[in-house]
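The structure under discussion appears below in the form of structure tokens.
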Amino acid sequence: MAMTISSGLHCSLLVAALTLLVVQAHGITRHYDFNIQMANVTRLCATKSIVTVNGQFPGPELIAREGDRVHVRVTNHVAHNMSIHWHGIRQMRTGWADGPAYVTQCPIQKGQTYVYKFTITAQRGTLWWHAHISWFRSTVYGAIVILPKLGVPYPFPAPHKELTPVIFGEWWLSDTEAIVSTALKVGGAPNISDAFTINGLPGPLYNCSAKDTFKLKVEPGKTYLLRLINAALNDELFFSVANHTLTVVEVDAVYVKPFTVRTLVISPGQTTNVLLATKPAYPRANFYMFARPYSTIRPGTFDNSTVAGILEYHNPGSPSASSFDKALPIFKPMLPYFNDTNFVTNFTTKLRSLATKQYPAAVPQSVDRRFFFTIGLGTLPCPKNMTCQGPNGTQFAAAVNNVSLVLPSMALLQSHFTGLTSGVYAANFPAMPLSPFNYTGTPPNNTHVATGTKLLALSFNTSVELVMQDTSILGIESHPLHLHGFNFFVVGQGFGNYDAVNDPDKFNLVDPVERNTVGVPAGGWVAIRFLADNPGVWFMHCHLEVHTTWGLRMAWQGQGGSKSSQKLLPPPSDMPKC
């Protein structure tokens with residue numbers, strides 16, 4: 001009998017070990033149900049009805065491991081069309097699941113269901129999901145937590161614990177759909193937000209919001225992993241925790257060489273993981289966490305307020321689990337001035353890939369195709385019989401290489417896949433400005449942009465170098481550009497006009513940071529490189545929602561390779577119809 005038990009135990013352990021190896025190699029399939037539904041939410045002493053996922057604001061956290069397959073069943077119960085983007089997920093050959101409305105899919109209409117299916121390939125860290133149609137991402141968003149494969153440690157000291165992800169957002173007292181609709185009708189700028197939020201809460205610095213304050217509870221002498229996500233619509237943000245340091249270890253689900261700061265900057269669309277080291281002993285104090293905008297435009301044209309959360313310590317002498325004590329002193333962090341571009345530059349230049357054997361920086365060392373894009377604002381003529389509120393009676397617009405993208409009435413990816421492109425788009429997006437000018441000097445007299453639906457085609461496995469140049473038209477401004485379907489390496493950046501002769505000599509081709517969203521510096525340029533190894537139609541746009549609305553967006557048409565494993569998968573049977 002003893003021999004039988006021993007053999008049975010041995011077999012059980014062997015099966016368990018083999019199962020673990022299979023899970024490590026191939027991952028598992030994780031299923032989520034997202035129900036798009038309305039919910040009443042009260043903030044700043046006012047209640048309004050908002051679009052949510054599962055009635056939650058922010059929405060549910062999606063958790064998976066590297067290598068897992070994820071199936072998210074989205075059912076739309078509201079009157080508005082909806083689509084969901086899994087921001088930063090590579091979507092290798094699964095562009096149908098990427099999410100931007102009229103780019104990779106028709107929106108999910110009321111009463112319809114669509115199952116997004118994708119695999120998390122060679123990614124680990126923090127990403128996020130959000131609505132990708134109109135301005136619904138103001139309330140429809142949530143975190144994506146990607147854990148390393150089972151048994152694979154972090155490449156930094158293991159934290160004592162992970163804290164709740166911190167998601168920065170913006171809140172409007174009015175309906176955001178009414179705000180953007182009005183702005184488009186009159187050609188002016190939309191109303192700025194009334195508050196910033198941390199996990200949906202404005203915090204004590206806003207009117208009647210002390211009860212709506214996000215609190216992080218920690219213990220002395222510990223190191224915590226804190227995941228930061230900027231889901232704000234229109235603002236880059238400084239963030240700091242009073243009297244504490246933050247060690248940056250990952251951005252956009254890619255590990256970086258750790259470095260420690262008191263304040264960091266995070267653009268809309270970006271994520272940052274930090275290690276927060278607590279005080280060695282109970283400090284008998286509470287500590288504010290502040291976030292406030294970085295902006296180079298004049299005050300009054302952006303929400304220049306501050307959102308506050310509270311870091312509170314568990315009092316070992318208190319039997320209560322809730323240790324918050326209002327009588328304790330509370331310390332405030334010092335944040336940079338709102339337009340401190342030097343601080344932003346110093347922070348972003350510290351970001352470097354690990355560039356190790358396990359986590360290499362696979363930056364293309366040679367380039368097949370080079371592109372130069374101008375990124376900035378502009379105008380459109382005011383239609384007849386209208387009064388427009390843009391500059392000098394025009395309409396506000398924005399463009400890449402002076403082309404303001406007009407989204408079609410059917411999905412670009414479907415048109416590309418079927419070959420039925422006539423009347424939908426043209427594959428003639430300009431590789432460089434058609435009319436060069438002094439991009440950061442005195443702007444040209446004619447600020448009008450062209451409109452159209454143009455894509456830029458890339459052959460499979462093309463190595464790409466793209467320089468994005470801010471312009472001074474209607475004022476210099478930082479633009480966080482997000483590329484769908486790819487990660488890229490930030491090989492260089494600078495101020496003024498890009499110098500194609502001398503600036504490439506300064507490029508970092510050894511350990512540049514790898515990410516999916518990068519800020520084009522105000523009055524400057526940024527250079528990125530990536531490998532076009534993912535067939536599909538991939539959106540690239542400013543992640544300031546107001547600029548995307550005005551047309552600061554374009555799309556790449558990635559061709560497939562000769563092998564079946566290098567081609568776009570067929571569309572799923574439940575794809576929404578336009």
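The structure displayed is predicted, hence computed values, not measured ones.
Counted by atom type alone, T197 and E170 present zero donor-acceptor pairs between their side chains at under 3.5 Å. Using modelled atom types, one finds a donor on one side chain and an acceptor on the other under 3.5 Å when comparing T126 with N273. With no hydrogens or angles considered, no side-chain donor-acceptor pair links T462 and D368 at under 3.5 Å. Looking at E250 and Y154, their side chains never bring a donor and an acceptor atom within 3.5 Å of each other. Of the N and O atoms on the side chains of E545 and T548, not one donor lies less than 3.5 Å from an acceptor on the other residue. Of the N and O atoms on the side chains of T75 and T113, at least one donor lies less than 3.5 Å from an acceptor on the other residue.
Contact between L354 and K257 at its shortest, heavy atoms only, is O-NZ, 3.3 Å. Pairing each heavy atom of S366 with each of S463, the nearest pair is O-OG, 3.1 Å. Listed here is the closest heavy atom pair of P148 and Y255: CG-OH, 3.9 Å. Contact detail for Q112 and P107: the closest heavy-atom pair is OE1-O, 4.0 Å. Shortest non-hydrogen contact noted between F373 and N401 is CA-OD1, 3.2 Å. When every heavy atom of V467 is checked against every heavy atom of A527, the shortest pair comes out as CG2-CB, 4.0 Å.
With respect to R65, the side-chain contact (heavy atoms from CB on, under 4.5 Å) criterion is satisfied by exactly one of R124, R30, K149: R30. Under the ring pair (Phe, Tyr, Trp, His ring centres under 6.0 Å) test applied with F486, the options F530, W556, F539 reduce to a single match, F530.
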I'd like to know whether Q358 forms a side-chain contact (heavy atoms from CB on, under 4.5 Å) with V152, so could you lay out the CA-CA distance, the side-chain angles of the two residues, the decisive distance to 0.1 Å, and finally the verdict. CA-CA 11 Å; Q358 187 175 7; V152 178; 4.0 Å; yes
Between L163 and L225, does the side-chain contact (heavy atoms from CB on, under 4.5 Å) criterion hold? Intermediate values first, please. CA-CA 6 Å; L163 297 170; L225 180 64; over 6 Å; no
side-chain hydrogen bond (donor to acceptor under 3.5 Å, both in side chains) between Q493 and T348: does it pass, once the steps are laid out? CA-CA 10 Å; Q493 63 179 32; T348 55; 3.2 Å; yes
Given F489 and L509, is the side-chain contact (heavy atoms from CB on, under 4.5 Å) satisfied, shown in steps? CA-CA 9 Å; F489 293 92; L509 303 181; over 6 Å; no
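Interatomic distance, R529 CZ to N508 CG, rounded to the nearest 0.5 Å: 10.5 Å. Rounding to the nearest 0.5 angstrom, the gap separating the CE atom in M540 from the CG atom in L483 is 6.5 Å. Taken to the nearest 0.5 Å, the CD1 atom of I89 stands 10.0 Å off from the CG atom of D98. A distance of 8.5 Å separates NE2 of H547 from CZ of F396, quoted to the nearest 0.5 Å. Rounding to the nearest 0.5 Å places CD1 of I84 at 7.0 Å from CD1 of I108. We find the CH2-CG distance between W135 and D175 to be 11.5 Å, quoted to the nearest 0.5 Å.
Under the 30°/60° scheme for interplanar angles, the aromatic rings of H87 and H543 are found to stand perpendicular. Between W525 and F507, the ring planes are tilted. Angles from 30° to 60° get that label. Between H85 and H484, the ring-plane angle classifies as parallel under the 30° and 60° cut-offs. The aromatic rings of H541 and H482 sit perpendicular to each other, their planes meeting at more than 60°, with 30° as the lower class boundary. Ring geometry, W96 versus F417: the interplanar angle exceeds 60°, so the pair is classed perpendicular (tilted spans 30 to 60°).
For an aromatic pair to be called close, the ring centres must be under 6.0 Å apart, and F57 with W171 satisfies this. When ring centroids are compared, Y141 and W129 stay outside the 6.0 Å threshold. A centroid separation of 6.0 Å or more is found between the aromatic rings of F118 and Y116. Taking the six-membered ring for Trp and the full ring otherwise, the centers of F136 and H80 sit less than 6.0 Å from each other. Separation of the F429 and F371 ring centroids does not fall under the 6.0 Å cut-off.
Looking only at side-chain heavy atoms (C-beta outward), I63 and Y32 come within less than 4.5 Å of each other. No side-chain heavy atom of L412 sits under 4.5 Å from any side-chain heavy atom of Y102. The side-chain heavy atoms of L466 and M468, taken from C-beta on, include a pair separated by under 4.5 Å. Within the 4.5 Å cutoff, the side chain of V248 has heavy atoms near those of the L351 side chain. Side-chain atoms of L228 and F239, non-hydrogen and from C-beta on, do get closer than 4.5 Å to each other. Between N487 and V254, the closest side-chain pair of non-hydrogen atoms falls below 4.5 Å. In this structure, V166 and I229 have side chains that are not in contact, with every pair of non-hydrogen atoms separated by 4.5 Å or more. Between P268 and L233, every side-chain heavy-atom pair lies at or beyond the 4.5 Å cut-off.
Counting non-hydrogen atoms of other residues, nucleotides and ligands closer than 6.0 Å to NZ of K117 gives a total of 12 or fewer. When the shell of 6.0 Å around CE of M38 is examined, it contains more than 12 heavy atoms from other residues, nucleotides or ligands.
Looking only at distances, a side-chain donor or acceptor of Q109 sits under 3.5 Å from a matching main-chain atom of K577. Judged by distance alone, the side chain of E162 and the main-chain N or O of L226 form no donor-acceptor pair under 3.5 Å. A distance-only check finds a donor-acceptor pair linking the side chain of R352 to the backbone of T349 [under 3.5 Å].
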